[in-house]
Engineer: 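Structure in structure tokens, see below.
Quick caveat: nothing in here was measured; it's all calculated off a predicted structure. Numbering of ligands and ligand atoms starts at 1, following listing order.
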Amino acid sequence: MAIRGIIGVLAMVGFLAGGFALADIAKTTTPDGVLAELLAGNTRYLEGRMQSHNLPAARKGLAAGQAPPAAVIRCADSRVAPEIVFDQPLGDLFVCGVAGNIPTPEIIASLEYGVAVLGCKLIVVMGHSSCGAVDAALTHRYDTNALPGNLPALIDQIVIPCTVTSDPNDPGALDAAIACNAQEGIGGMLRGSQIISDAVKAGNLKLVAGVQDLKTGRFTVLK
Ligand SMILES: [Zn+2]
């Protein structure tokens, strides 16, 4: 299906699901500009100068539609809250969450909607320090079946192979695995989505990965 056809289908799905308004692409800034705004918001968060008050008066406009400039893949961890950490109001971040912040098919499908229909210019893979999901993947890297319930199927999707040189007993291994897993999320999105990879090639979308330090609150973009 051509990209225009896919967008049409997604738009129809959005309409049927709740009347989402199509994004006004012209009103959004460049991908680099959106990233700069998120990092500026993180600085405000670090310094206690948060500006996103989510005033009641803003609700009416948001109920009519959404055009979030950025999307985020976040971990389910309760200490990871993109709207707070990037000091952004409701309606500005299209947040998709799963333990380990990995681009599962469901997460990718959600992001395709964010990009193709809502006009997101940036997708942030938001790793974080002390991630229990990545720790589980590292600890059980050779036998995730030791984990209870449905966890093996999830933890198996966390990318550890690129850290094979890390010793699980090395205190730096978890941080290395967290960074690696976040970085690999970019490749996972590009491989898993023609819509996302086409938008990146066209210069309409930027993908970045980073890690939030839970102690300081600082979000650092991985290079
Ligand atoms: Zn986590």
Engineer: Does R44 pair with D87 as a salt bridge, N-O distance under 4.0 Å?
Structural biologist: yes

Engineer: Do the two ring centres, one from F219 and one from F86, sit under 6.0 Å apart?
Structural biologist: yes

Engineer: Which residues satisfy the salt bridge (charged side-chain N to carboxylate O under 4.0 Å, His left out) test with E83, sequence neighbours excluded?
Structural biologist: none

Engineer: Going by salt bridge (charged side-chain N to carboxylate O under 4.0 Å, His left out), name the residues that satisfy it together with D77, two or more places apart in sequence or in a different chain.
Structural biologist: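 D77 satisfies salt bridge (charged side-chain N to carboxylate O under 4.0 Å, His left out) with R79 only.
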
Engineer: Determine, step by step, whether V208 and L35 satisfy the side-chain contact (heavy atoms from CB on, under 4.5 Å) criterion, reporting the C-alpha distance in whole Å, the side-chain angles of both residues, the deciding distance to 0.1 Å, and the verdict.
Structural biologist: CA-CA 9 Å; V208 299; L35 177 59; 4.1 Å; yes

Engineer: Just jot down the salt bridge (charged side-chain N to carboxylate O under 4.0 Å, His left out) partners of D32, sequence neighbours excluded, or say none.
Structural biologist: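 Counting only residues at least two positions away or on another chain, D32 forms a salt bridge (charged side-chain N to carboxylate O under 4.0 Å, His left out) with K206.
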
Engineer: Any idea how many protein N, O or S atoms are nearer than 2.8 Å to the Zn ion (ligand 1)?
Structural biologist: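 Total protein N/O/S atoms under 2.8 Å from the Zn ion (ligand 1): 3.
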
